[in-house]
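Heads up: the structure comes next, in structure tokens.
In listed order, ligands and their atoms are each counted from 1. Counting begins at 1 with the first residue of the sequence. Note: hydrogens, waters and symmetry copies are ignored here, and every other heavy atom, side chains too, is used.
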Amino acid sequence: MSGKRTFTMIKPTAYKNNCTGQIIQKIYEGGFHIAAMKITKLSKKDAEKFYEIHAERPFYGELVDFMSSGPIVAAILEKENAVEDYRKLIGATNPAEAEKGTVRAMCGTSIGENAVHGSDSDDNAKIEGDFFFSERELH
Ligand code: GDP
């Protein structure tokens, strides 16, 4: 069982398409507590740093450009087994392959513009949450 916190971002296209409300609704229906949330925008440098682990992948440049192209919603979510349960809630990386009813199936438009980010481990959830929020912004 993974820990209590995960980190998510609503990506630029989903934010622009007014999917934020639906996604927050799914988060609550999934039994998560929203411990922190804000609308912000990544600079190209921020996005490069956030996605550093993907630097060698062929889509890195595209990913960085996309993630810094417009506002995003960043949030820390809490629940037992948060990392794993949130990845189930969002579905497969490619929205075309994501199970019906998942966030990516609902709001994703392509493999790159797949509506949301979800941490893939407890360690990354902590690193990613700390990238956006200070302790006093957690409730
Ligand atoms: P995730 O953990 O499901 O988000 O997937 P990954 O860790 O494999 O990839 C990180 C992010 O990179 C994904 O959420 C996508 O936004 C993006 N990505 C992954 N594969 C591709 C691809 O083939 N093309 C593009 N343009 N972006 C991709």
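Considering backbone and side-chain N/O atoms, Tyr51 never comes within less than 3.5 Å of an N/O atom of ligand 1. Ligand 1 has no N or O atom lying under 3.5 Å from any N or O atom of Val116, backbone or side chain. Considering both main-chain and side-chain atoms, Arg104 comes within under 3.5 Å of ligand 1 through a nitrogen or oxygen pair.
For atom 10 (C) of ligand 1, the closest non-hydrogen atom of the protein is His54 NE2, 3.6 Å. At the shortest separation from atom 6 (P) of ligand 1 among protein heavy atoms lies Arg57 NH1, 4.0 Å. In this structure, atom 3 (O) of ligand 1 lies nearest to the protein heavy atom Thr93 OG1, 2.6 Å. Given atom 15 (C) of ligand 1, the protein heavy atom at minimum distance is Ile111 O, 3.3 Å. Ranking protein heavy atoms by distance to atom 13 (C) of ligand 1, first place goes to Asn114 ND2, 3.6 Å.
Checking Phe59, Tyr60, Phe66 against atom 12 (O) of ligand 1, the nearest heavy atom belongs to Phe59.
Panel note: side chain Tyr60, backbone Glu48; a donor-acceptor pair is recorded below 3.5 Å. Although no hydrogens or angles enter the test, the distance criterion places no donor-acceptor pair under 3.5 Å between the side chain of His139 and the main chain of Ile34.
Side-chain contact between Lys126 and Arg5: absent, with no pair of heavy atoms (C-beta onward) separated by less than 4.5 Å. For the pair Met37/Val73, a side-chain contact is recorded, criterion being any heavy-atom separation below 4.5 Å from C-beta on.
Side chains of Ser134 and Glu137: a donor-acceptor N/O pair is present below 3.5 angstrom, by distance only.
Proximity to Glu62 (heavy-atom distance under 4.0 Å) selects the following atoms of ligand 1: 26 (N). Residue Leu63 approaches ligand 1 through these ligand atoms, each under 4.0 Å from one of its heavy atoms: 12 (O), 16 (O), 17 (C).
Taking 4.0 Å as the cut-off, Lys11 counts as a neighbour of ligand 1 on heavy-atom distance.
Taking the ring centre of Phe133 as origin, the terminal cationic atom of Lys38 falls inside the region bounded by 6.0 Å and 45° from the ring axis.
The aromatic rings of His54 and Phe59 sit tilted relative to each other, their planes meeting at an angle between 30° and 60°. Between Phe7 and His117, the ring-plane angle classifies as tilted under the 30° and 60° cut-offs.
Within the 4.0 Å heavy-atom criterion, neither part of Asp120 lies near ligand 1.
Shortest non-hydrogen contact noted between Pro12 and Ser69 is CB-OG, 3.7 Å.
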